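Values below: all heavy atoms of this structure, side chains included; hydrogens, waters and symmetry mates excluded. A note on names: the letters A, B, ... follow the listed sequences, proteins ahead of strands, and every chain is numbered from 1. Keep in mind it's a predicted model, so treat the numbers as computed, not measured.
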Amino acid sequence: MSKSLKIISIMTSALSGCFLLIRRGRMEVRVRYAPSPTGLQHIGGVRTALFNYFFARSSGGKFILRVEDTDRERYSDESLDDLYQTLDWLGIKWDEGPVVGGPCGPYIQSERFELYKKYAEQLVKDGKAYYCYCSPERLEKLRAEQVASKSEYQGYDRHCANLTDEQRAEYERQGIKPVIRLKVPTEGKTTFHDILMGDITRRNRDVSPDPILLKSDGFPTYHLANVIDDHLMGITHIMRAQEWIPSGPLHILLYEAFGWEPPVYCHLPMVMGKDGQKLSKRHGSTSLRDFREKGYLPEAIINYVTLVGWSLDGSTEFFSKEELEKCFKIENIHKAPGVFDYKKLDWFNGYYIRACENSRLEELVLPYLIKAGYIGSEPGSDELELVKKLVPAAKERMKVLSDIVPLSAFIFVDEPVVDASVYCAKGSDAEKTLSALKNGAEILLSGLKDGKANEKIEEELVALSTELGVKVNGVFQPLRVAITNSTVSLPLFDSIALLGLDETKKRIDRAIRILEAKNE
RNA sequence: GGUCCCUUCGUCUAAUGGUUAGGACAGGAGAUUCUCAGUCUCUAAAUAGGGGUUCGAUUCCCCUAGGGACUACCA
């Protein structure tokens, strides 16, 4: 297909898309998530995606994914992969966009390359924009001077706003590739409406003067591509982070220059770190990949992230994706920025892990055990059996899936505690500890061999503690340290079941030897 | 510097003119006859400050303070 044909097809498909909207009688909600694939998907972006997605679903509209890959300097394939993977992992499906297509495609801006140029040139023809030949060096110098002089007026000095034909021809002869800049009016003011914030007005003289629409490489800047695509794709509501508020008036100016009706705006409160600054790497993990790798569940991320800057009624905490698809309301979005609380996310994640079906949890936990080298990369049936026993015992102790590794380490890595004092519980002494270990082992091992119920054995151990004149833990602690090599562990009977009787006996005998050597 | 936005417990938030200002996380105390976790109970903790309007302001208006964002051939 030739380039011009392709443009025509884009334009007509956009038209038919719009026609579809109108034909439904009532204006259908169409929102979009339009990330730039220049890095990994992070919490802030995902929250924007979620809000758009839930708003679309709850209002019976369409959720569109658009890839804004106009910055070829920072673009990476990895980022694009990560975008798809992340949305897929979260279970967010887009109605129109890359891969699935749609009536307003293509949905990847680099594939619409020629389109933007055409619109930008039209603006020049209409006298709404102009070619600028200023070098980056000159602009850099200009900026440095403005900063140094603390000038109230900052930005481009409109050096090329009124070039004569001769001047232009001369620049062209020199082979300078121009950019196209929008003529921002110096008089008057521009207002846009935000659902949350109300009307936001800015004097045109305060709008950053004459922003670049088309770069010298022929790619559009964000402002141009964004406005054109939002219009052609029939976007009705723009939900994006509040950091975009300052460019709102500029976008309105662009819509006016084109003679288009601007959509409704809804600027989302930002997600901050503990120090009140925009959330970033130095606050902790921000990329979804990080969270996925550490073992956060998608339902926990969705639940918690949605609750930063949104609430249903102030008391409902747990929301499934499906529930949010029904009850999400744009009016319940907050104005004020919110701090991302890692602890609360942990709490949600622990909750969702506990709510998880054991069979699913077994599968989720497997990669972590494999990565730790605890089980083979293709686990055998005995290994799977072990995991099956491990999961219910470890489940309510996990905040993230990777917690399975420290919780189960005692099974796979045997590093005995050689410090005798560790075996001794508070209120006990070396002699009683050794005695508790010996007698306790006897009760435990023979009881288990005879198939006695755990509760029965536990009773006998408690009786032993009374006999020795120590607290219950005075009996359990030496056994626990002997068996799990730690004062903190899974419950004793679970630990033994995971280890097997032979290994348990071996470890207890060893501990007895350690304590005896010490007591001599 | 300029422009714009924001302001209820430490954190996420509920209450929009009349409540002992509610819930949750985190914190503290206790219970659960094994540690840890979990669960349960209890507890401490807020309307940024100052002016108005009003019989009455968390809620409406103004000012101040604090915080944030933007001010690129990045989005």
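- With B:C73, B:G2, B:C34 as the candidates, the nucleotide lying closest to the side chain of A:Asp206 is B:G2.
- For A:Leu139, counting side-chain heavy atoms from C-beta on, the closest listed nucleotide (B:C73, B:A69, B:U13) is B:C73.
- Only the C1' atoms considered, B:C34 is 35 Å distant from B:U11, to the nearest whole Å.
- Across all strands shown, B:A31 forms a Watson-Crick or G-U wobble pair with B:U39, both key distances being under 3.5 Å.
- For the residue pair A:Asn52 / A:Thr48, no side-chain donor-acceptor distance below 3.5 Å is found, with atom types taken as modelled.
- Side chains of A:Tyr133 and A:Glu172: a donor-acceptor N/O pair is present below 3.5 angstrom, by distance only.
- Between B:C70, B:C36, B:A75, one nucleotide has an atom nearer to the side chain of A:Arg397 than all others, and that is B:C36.
- Residue-to-nucleotide proximity on RNA chain B shows that, of A:Phe340 and A:Arg354, the 5′-proximal contact is made by A:Phe340.
- Distances from the side chain of A:His334 to the nucleotides B:U13, B:C4, B:A26 place B:U13 closest.
- Out of B:C6, B:C73, B:A75, the shortest distance to the side chain of A:Ser36 is found at B:A75.
- Cation-pi geometry between A:Arg47 and A:Phe51 is met: under 6.0 angstrom from the ring centre, within 45 degrees of the axis.
- To the nearest 0.5 Å, atoms NZ (A:Lys177) and OH (A:Tyr131) are separated by 11.5 Å.
- Distance noted for atom P between B:U47 and B:C63: 23 Å (whole Å).
- Distances shown here put every side-chain N or O of A:Lys344 at or beyond 4.0 Å from the OP1 or OP2 atom of B:U11.
- Using N1 to N3 plus N6-O4 or O6-N4 for Watson-Crick, or N1-O2 and O6-N3 for G-U wobble, each under 3.5 Å, B:A72 pairs with nothing.
- Note on A:Pro337: only backbone sugar-phosphate atoms sit closer than 4.0 angstrom, heavy atoms only; bases stay farther off.
- For a distance-only test at 3.5 Å, the side chain of A:Arg480 qualifies as a donor-acceptor partner of the base of B:C34.
- Residue A:Glu458 is classed as a base contact, given a heavy-atom separation below 4.0 Å to a base.
- Look at the P atom in both B:C25 and B:C40: the space between them is 9 Å, to the nearest Å.
- Across the C1' atoms, B:G68 and B:A48 are found 16 Å apart, a figure rounded to whole Å.
- Side chain of A:Ile212, nearest nucleotide from B:C73, B:C12, B:C34: B:C73.
- Side-chain polar atoms of A:Asp346 and A:Tyr296 form a donor-acceptor pair below 3.5 angstrom.
- In this structure, the nucleotide among B:U35, B:C25, B:G38 sitting nearest to the side chain of A:Lys343 is B:C25.
- Counting heavy atoms from C-beta on, the side chains of A:Val387 and A:Val365 come closer than 4.5 Å.
- A:Asn349 and A:Tyr304 are not linked by any side-chain donor-acceptor pair at a separation below 3.5 angstrom, with hydrogens and angles left out of the test.
- In terms of polar N and O atoms assigned as donor or acceptor, the side chain of A:Lys399 never comes within less than 3.5 Å of the base of B:A37 in a complementary pairing.
- The nucleotide B:A65 finds its pairing partner in B:U7, both defining distances of the Watson-Crick or G-U wobble pair being shorter than 3.5 Å.
- Within residues 269-277 of chain A, the residues approached by RNA chain B to less than 4.0 Å at the level of any non-hydrogen atom are A:Met270, A:Met272, A:Gly276, A:Gln277, in residue-number order.
- Contact check, A:Arg143 against B:C73: a side-chain N or O comes under 4.0 Å of OP1 or OP2.
- The side chain of A:Asn473 has B:C34 as its nearest neighbour among B:C4, B:C34, B:A75.
- By the 6.0 Å and 45° rule, A:Arg181 stacks over the aromatic ring of A:Tyr156.
- Spacing between B:A37 and B:G30 at atom P, rounded to whole Å, works out to 14 Å.
- Heavy atoms of A:Ile245 sit under 4.0 angstrom from primed sugar atoms or phosphate atoms, though from no base atom.
- Nearest to the side chain of A:Glu68, among B:C70, B:A75, B:G10, sits B:A75.
- No side-chain N or O of A:Thr221 forms a donor-acceptor pair with one of A:Lys215 less than 3.5 Å apart.
- Partner assigned to B:U20 is none, using Watson-Crick or G-U wobble distances below 3.5 angstrom.
- The base of B:C36 lies outside donor-acceptor range of the side chain of A:Ser489, with no N or O pair under 3.5 Å.
- Taking a centre distance below 5.5 Å and an interplanar angle below 30 degrees as the stacking criterion, A:Trp347 does not stack against the six-membered base ring of B:C25.
- Comparing the same atom, C1', in B:U59 and in B:U8 gives a spacing of 11 Å after rounding to whole Å.
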